[in-house]
Amino acid sequence: MSDETKPQDETTAETQSQETAPTQEQPQEQGSIVSADTSMASNDMLEAEKPFAVDVTDAGALRKKVTITVPRKRINEKFNEIFGELAKSAQVPGFRAGHAPRRLIEKRFAKDAGTDVRNAMVGESLQWSAEHVKLQTIGEPSIDLEAIVLPDNGDMSYSFEIEVAPEFELPSLDGIEVKKVTLDVTDQRVEEQLDMFRQRGVTYEPTTEATRAGDVVTADVAIRGDGVEYDQKDAVMRVAPGQVEGLPLVDLATQLADKKPGDSIEVGVKVPESHATEAWRGKDATVAITVREVRRRILPELNDEFAKQMGYDTVEDLRNLVRRGLSARMEQETTENMREQVSQYLLENAQFELPEQMAARHADVALRRQFINLLQMGIPQEKIQENLAELQARSIEVSRRELKLQFILGKIADQRDIKVEEGEVNARVAAMAREQDRRPERLRQELQADGTLGMLEDRIREEKALNALLEKATITEVEPEAKPAE
């Protein structure tokens with residue numbers, strides 16, 4: 001809007017509004033969405049209920065194009081409101097504040113007022129549309145305010161595209177066939193859990209020997225590719241699956257094994273589509289790592305002294321405690337295995353497309369949900385990072401599965417009015433803290449800070465939905481399959 005542009009007076013504005021604003025008697029175009037049941041309302045009521053015209057058309061799979069029209073009458077009302085406020089306080093040379101002629105104020109502040117009106121109209125119309133238009137949108141619309149033009153005359157229209165939730169029918173939910181595998185607490189599982197305890201007391205000492213699995217190295221890193229460039233000095237990484245600058249290095253344990261200070265390796269990697277740097281996504285890159293220092297991982301000896309540090313008199317006392325704890329965990333794993341079977345049934349029998357852009361954005365969310373699952377299983381965070389590196393390498397595949405399951409379980413939970421109480425979330429955080437030997441309040445703060453606490457609540461709701469299906473499932477008890485001899 002130019003400096004010379006100013007709104008019409010109220011009489012002209014009213015006349016033009018009647019000429020240009022869409023009337024309620026006009027038939028609605030195919031694809032538009034009615035915001036409310038107005039069959040019994042008068043035209044005056046319709047005008048009051050629908051201050052903006054909204055038209056929705058298909059723009060692809062699970063995408064809609066939304067066009068919002070702001071009537072000129074509403075635009076002029078906003079101009080009058082803004083200029084009315086300016087007339088009371090605007091500083092105009094030659095006039096005392098609040099005494100400058102209205103037309104002079106309109107001319108002097110036309111450009112700024114036009115910007116304010118445009119922004120206000122976009123904000124108001126978006127909020128109204130979100131509250132009244134029957135459209136299950138996903139995420140927020142991406143709108144370039146500067147690209148929206150407020151015309152000198154007539155209505156203002158702008159459009160944007162947005163993803164919508166898929167519509168689908170649920171499969172039959174009663175009598176889902178599930179196998180219940182009875183798990184035993186083996187000596188091997190006990191020793192594995194004791195090793196996890198030992199890892200909490202791990203220390204690292206410098207060594208001139210070649211690297212072994214689990215050691216830590218200090219290294220210089222250079223990442224190169226088409227449009228990809230990154231350098232880091234003295235990066236610290238473990239000789240284990242991991243990541244560098246968001247790039248998953250699943251085979252890093254093998255690639256960094258038997259290396260001494262001064263040795264170098266080069267690793268080819270495909271940048272994930274979910275990478276934080278958009279320009280890197282999908283590119284082929286090479287990660288060059290030059291080892292500068294090796295520190296050997298030292299695990300504490302599993303003896304009575306170690307047991308005393310854990311609060312027990314002997315290793316046998318500690319071992320018995322672990323065995324009892326694993327018995328309870330076996331029940332949890334059995335339940336989780338049955339939930340997974342139900343989940344797989346739902347995934348195979350509920351057919352619908354996924355919003356592609358959301359699937360790509362969801363990759364990071366899927367990884368954090370896996371992080372929650374591993375925390376609940378009592379896996380040390382050091383070990384979790386190794387698992388997440390592998391998951392990140394196939395993040396899109398994991399994301400699509402997780403996202404589809406979320407839609408399905410969300411619909412089931414909605415139908416059955418399943419809710420999660422705050423006490424349930426607190427109890428789950430406390431259980432996770434016990435597994436990690438941490439303070440519950442500190443863990444809760446961390447989960448809340450990075451948004452993971454909300455995901456935990458969603459996870460609990462989904463588990464309750466799965467449990468409700470298990471109550472109606474057809475369950476057959478079976479023995480675990482024997483593992484092949486190594």
Side-chain angles (χ1 to χ4, degrees), residues 176-201 299 302 306-307 310-312 314-347 369-388 390-391 401-402 405 409 420 424-438 440 443 456 459-486:
I176 300 173
E177 294 186 2
V178 174
K179 294 179 180 179
K180 182 177 181 180
V181 181
T182 305
L183 299 174
D184 295 324
V185 178
T186 64
D187 291 340
Q188 181 181 351
R189 279 183 170 269
V190 172
E191 296 307 315
E192 287 173 353
Q193 183 62 42
L194 287 171
D195 279 344
M196 288 186 184
F197 287 157
R198 293 171 66 202
Q199 288 179 32
R200 296 176 186 174
L299 289 172
L302 184 60
F306 175 77
M310 297 289 296
Y312 299 90
T314 67
V315 170
E316 280 308 306
D317 290 338
L318 179 58
R319 186 172 276 109
N320 290 334
L321 169 76
V322 168
R323 189 174 293 276
R324 290 194 298 272
L326 283 175
S327 295
R329 186 176 296 170
M330 291 302 97
E331 294 181 12
Q332 180 182 341
E333 286 190 22
T334 297
T335 301
E336 188 59 39
N337 180 271
M338 291 193 294
R339 288 178 185 153
E340 176 58 28
Q341 292 178 59
V342 174
S343 296
Q344 191 60 36
Y345 167 84
L346 296 173
L347 289 166
R369 285 168 63 88
Q370 290 296 325
F371 178 80
I372 290 173
N373 292 341
L374 295 171
L375 271 180
Q376 292 182 137
M377 293 169 61
I379 308 298
Q381 293 199 27
E382 184 179 83
K383 195 70 176 176
I384 289 176
Q385 295 303 324
E386 297 178 17
N387 283 285
L388 291 183
E390 183 176 351
L391 288 170
R401 184 185 189 279
E402 287 277 330
L405 191 57
L409 293 177
V420 177
E424 294 177 280
V425 178
N426 291 337
R428 187 65 61 88
V429 171
M432 291 162 59
R434 283 195 301 272
E435 292 284 0
Q436 297 290 321
D437 194 23
R438 303 183 61 195
L443 179 58
L456 178 60
R459 179 59 180 163
I460 295 173
R461 187 169 186 253
E462 291 167 8
E463 287 177 3
K464 294 175 76 171
L466 288 168
N467 289 343
L469 299 183
L470 280 175
E471 291 177 2
K472 302 285 187 177
T474 301
I475 300 175
T476 304
E477 294 197 18
V478 297
E479 294 293 325
E481 295 181 5
K483 292 184 179 180
E486 296 183 359

Once side-chain contact (heavy atoms from CB on, under 4.5 Å) is applied, do any residues pair with [X], and if so which ones, sequence neighbours excluded?
| X | result |
| --- | --- |
| S327 | V185 |
| N426 | E422, R444 |
| E477 | K180, T182 |
| E191 | L194, L302, R319 |

At what distance, to the nearest 0.5 angstrom, does [atom1] of [X] lie from [atom2] of [Y]?
| X | Y | atom1 | atom2 | value |
| --- | --- | --- | --- | --- |
| Y345 | L469 | OH | CG | 9.5 Å |
| R189 | E333 | CZ | CD | 4.5 Å |
| R461 | L456 | CZ | CG | 14.0 Å |
| R200 | R438 | CZ | CZ | 11.0 Å |

pair [X]-[Y]: side-chain heavy atoms closer than 4.5 Å:
| X | Y | result |
| --- | --- | --- |
| L321 | D317 | no |
| E424 | E463 | no |
| V322 | F197 | yes |

Task: CD (E177) with more than 12 external heavy atoms under 6.0 Å - done: no
Quick one: closest heavy-atom pair of [X] and [Y], and the distance?
| X | Y | answer |
| --- | --- | --- |
| L347 | L405 | CD2-N, 3.9 Å |
| V425 | I460 | CA-CD1, 3.9 Å |
| L470 | I475 | O-CD1, 4.0 Å |
| A473 | I176 | CB-O, 3.2 Å |
| A430 | P440 | CA-CB, 4.2 Å |

Compile the donor-acceptor pairs under 3.5 Å between side chains in residues 334-341 and protein atoms, sequence neighbours left out, one pair per line.
from	atom 1	to	atom 2	distance (Å)
T334	OG1	V181	O	3.4
T334	OG1	M330	O	2.9
T335	OG1	E331	O	3.1
E336	OE1	R339	NH1	3.1
E336	OE2	R459	NH2	3.2
N337	OD1	Q341	NE2	2.8
R339	NE	N467	OD1	3.0
R339	NH2	N467	OD1	3.3
E340	OE2	R401	NH2	2.4
Q341	OE1	K179	N	2.9
Q341	NE2	K179	O	2.7

- [ ] For R434, check side chain to side chain donor-acceptor pair (under 3.5 Å) against everything at least two apart and list the hits.
- [x]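 With neighbours one apart ignored, the set is empty.
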